[in-house]
Amino acid sequence: MNPEPLLLATPSGDVLKLRPEGPWTAANVVALETLSRSVGADVDRSRAVTLDMSGVSALDTLGAWVLEKLSRRAASSGRSAEFVGVADHFSGLMDEVRQVNRDSPAPVAVPNPVLLRLGDLGKATIGAREDVAIFLQMLGALFMALVGVLRRPRSLRLTSLVYQLYRIGWQAIPIIVLITFLIGAIIAQQGFFHFRRFGAESYTVDMVGILVLRELGVLIVAIMVAGRSGSAYTAELGSMKMREEIDALSTMGLDPIDVLILPRVAALVIALPILAFIGSIAALYGGGLVAQFYGDMGPAIYIARLHDAISITHFEVGILKAPFMALVIGIVACSEGLRVKGSAESLGRQTTTSVVKSIFLVIVLDGLFAIFFASIGM
C-alpha cells in the first residue's frame, strides 16, 4: 500500500491512461490537487481518458471529487472519459459524486403576456369573491349584533357610540365644511364662466343646487369620511389585532363585534347623513358667494332661483344614500382591520386597501342609486 497518493499518466496513442494509487483522502488534499494539476495538460491533449482505480487503497468524498473533476475536464471538450477498476466498496461513493451538479439549469421561459393577463384576471376574480364573502359575513354579524341590542337595549355601549360620534361627526365638521364650500364655489364659477357665452347664467344656480343636493354633496362627504374615518377604523382594529387585544376580548367572553365594530358602524350611519346635510349647505353657500361676486347675482335672486330649481325630492335623494354609504364604509373598514396580520407592513397595506375599496364602493353605490331613482322618477 502506498503511504502517499500517486497519479500515473500513461499516454497510449490518443488515449491517456490515468492510474491513481494510494490513499485519495482529505488528509492528502494538497498532494491530490498537485497531482490533478500536473496531468491537466495531458488531459487536454488527449482524445480519450481512462481512469483505472484498481490501485486506490482509500477513498473519501474529496478524493472522489478530484478524480471526477479530471473526468469532467476531459468530457467538457467533447472527449470521452471513463472509470475502470472501481472497487465495489468505492462504487457507491463514485456514483454519488458523479451526480453532483449534473442538473443543467432550466431554460428561462418567456412568459406569454396573454396568459399572464388571464392569470391576473383569475387571481382578481378569486380575490373579489373572497372580499364579497367577507363583506357579507360582516354584514350578517352586524345584523345579529343589532338584533341582540334590540332585544337587550342595555347591551348597547352608549359611551363608545357617543365617543365615536364625536370623533367622526363633530370633529369632522370643519374639514367637511371647508371642502364642500370650495367644491360648491368651483362648480358655480365654472358654470357662470361657460353659461355666460350663451346668456344663461341663471341656469348655473339650477346646476349647483341639483348637483350638490342629489350627487356631489353626499358623494364628496362620503369619500372624505372613507379617507378620514374609514382609515382610522382599519388602523385601530389592525393595531388591536396585532397586539392580540381582540383575542383577549374573545377570551374574556366578549364579542368583538358588539364591543368594537357595532358602535363604530352605528356612529357612521348616524353621522354621515348629518355631515352630508351640513356639507350640502356649505356647498350651496359657496355657490352663492361666487354668484354674488363673480356672477353679479344678489343673494335674494340666488335664493329665489334656488327655490324654483330644487325641490324636497332632490334633498331626499341625496340624504337617502348617506346611511347606505356609511354602512359600506364601516363594514369595509372594520373587515380590513380584522384581516391585518402581525406586521406593520400588513397594517399599512390593509389600511390602503380599506380606503381604496371604500371609495370605489361608494362611487359604485352612488351610480346604482342614480339609476334606481331615475327609474322610479325621482
Side-chain angles (χ1 to χ4, degrees), residues 172-231 271-322 324-326 328-329 355-356 358-378:
I173 289 178
I175 188 63
I176 293 292
V177 168
L178 176 61
I179 297 299
T180 52
F181 172 84
L182 294 176
I183 292 294
I186 292 171
I187 293 173
Q189 188 274 333
Q190 289 295 305
F192 280 110
F193 177 76
H194 291 286
F195 287 163
R196 186 171 293 164
R197 301 177 184 179
F198 311 101
E201 295 95 330
S202 60
Y203 287 103
T204 301
V205 182
D206 299 56
M207 180 183 70
V208 172
I210 296 173
L211 194 59
V212 166
L213 291 180
R214 290 183 67 98
E215 299 294 337
L216 281 187
V218 64
L219 183 60
I220 293 298
V221 170
I223 290 175
M224 293 180 62
V225 168
R228 181 182 180 275
S229 303
S231 60
L272 190 55
I274 300 174
L275 292 176
F277 172 75
I278 296 173
S280 299
I281 298 301
L284 293 177
Y285 184 74
L289 285 182
V290 171
Q292 181 178 359
F293 294 107
Y294 186 81
D296 298 327
M297 181 182 293
I301 300 175
Y302 177 80
I303 294 175
R305 182 67 185 179
L306 197 61
H307 183 271
D308 295 336
I310 63 176
S311 65
I312 191 65
T313 301
H314 298 115
F315 175 74
E316 291 174 349
V317 168
I319 291 299
L320 284 175
K321 300 176 186 178
F324 296 95
M325 292 181 176
V328 168
I329 294 170
V355 174
V356 173
S358 298
I359 294 176
F360 172 76
L361 291 177
V362 161
I363 295 175
V364 170
L365 191 62
D366 183 72
L368 295 176
F369 270 114
I371 297 173
F372 170 74
F373 287 127
S375 63
I376 63 176
M378 290 184 66

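We number each residue from 1, following the sequence as shown.
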> Atom CE of Met224 and atom CD1 of Ile175: how far apart are they, to the nearest 0.5 Å?
Replying inline: 4.5 Å
>> Rounded to the nearest 0.5 Å, what separates atom OG in Ser280 from atom CD1 in Ile183?
In response: 12.0 Å
>> Restricting to non-hydrogen atoms, name the atom on Val355 and the atom on Ser231 that form the minimum distance, rounded to 0.1 Å.
In response: CG2-CB, 3.6 Å
>> Measuring from atom CD1 of Ile187 to atom CE of Met207, what distance do you get when rounded to the nearest 0.5 angstrom?
In response: 6.5 Å
>> Is it the case that atom CZ in Phe277 sees more than 12 heavy atoms from other parts of the structure closer than 6.0 Å?
In response: no
>> I'd like to know if the side chain of Lys321 and the backbone of Glu215 have a donor-acceptor N/O pair within less than 3.5 Å.
In response: no
>> I need the Leu213 CG to Thr313 OG1 distance, nearest 0.5 Å.
In response: 11.0 Å
>> Within the supplied structure, the quantity of interest is the number of heavy atoms (other residues, nucleotides, ligands) at a distance under 6.0 Å from Tyr203 OH; does it exceed 12?
In response: no
> Considering all heavy atoms of both residues, which atom of Gly287 and which atom of Tyr302 are nearest to each other, and what is their separation?
Replying inline: C-OH, 3.7 Å
> What closest approach, in Å, do Met325 and Leu365 show between heavy atoms, and which atom pair accounts for it?
Replying inline: N-CD2, 3.8 Å
> What is the minimum heavy-atom distance between Ala282 and Val177, and which atoms define it?
Replying inline: CB-O, 3.8 Å
> Using the ring of each side chain (for Trp, its six-membered ring), is Phe372 parallel, tilted or perpendicular to Phe369, with breaks at 30° and 60°?
Replying inline: perpendicular
> Counting only heavy atoms not in His194, do more than 12 fall under 6.0 Å of its NE2?
Replying inline: yes
> side chain to side chain contact (heavy atoms under 4.5 Å, CB included) between Thr204 and Met297: does it pass, once the steps are laid out?
Replying inline: CA-CA 11 Å; Thr204 301; Met297 181 182 293; over 6 Å; no
>> Strictly distance-based, threshold 3.5 Å: is any side-chain N or O of Ser229 a donor or acceptor partner for the main-chain N or O of Ala226?
In response: no
> Can you tell me how far CD1 of Ile319 sits from CZ of Arg214, rounded to the nearest 0.5 angstrom?
Replying inline: 13.0 Å
> Should the ring pair Phe192 and Tyr294 be called parallel, tilted or perpendicular, given that the plane angle runs from 0 to 90° and is split at 30 and 60?
Replying inline: perpendicular
> Rounded to the nearest 0.5 Å, how far does CD1 of Ile359 lie from CD1 of Ile223?
Replying inline: 6.0 Å
>> Which heavy atom of Leu306 sits nearest to which heavy atom of Gly209, and what is that distance?
In response: CD1-CA, 3.7 Å
>> For a quick test of reading the model, state the closest non-hydrogen atom pair linking Arg305 to Ser202 and the distance between them.
In response: NE-O, 3.4 Å
>> Please verify the inter-ring angle class for Phe181 with Tyr285; under 30° counts as parallel, over 60° as perpendicular, anything in between as tilted.
In response: tilted
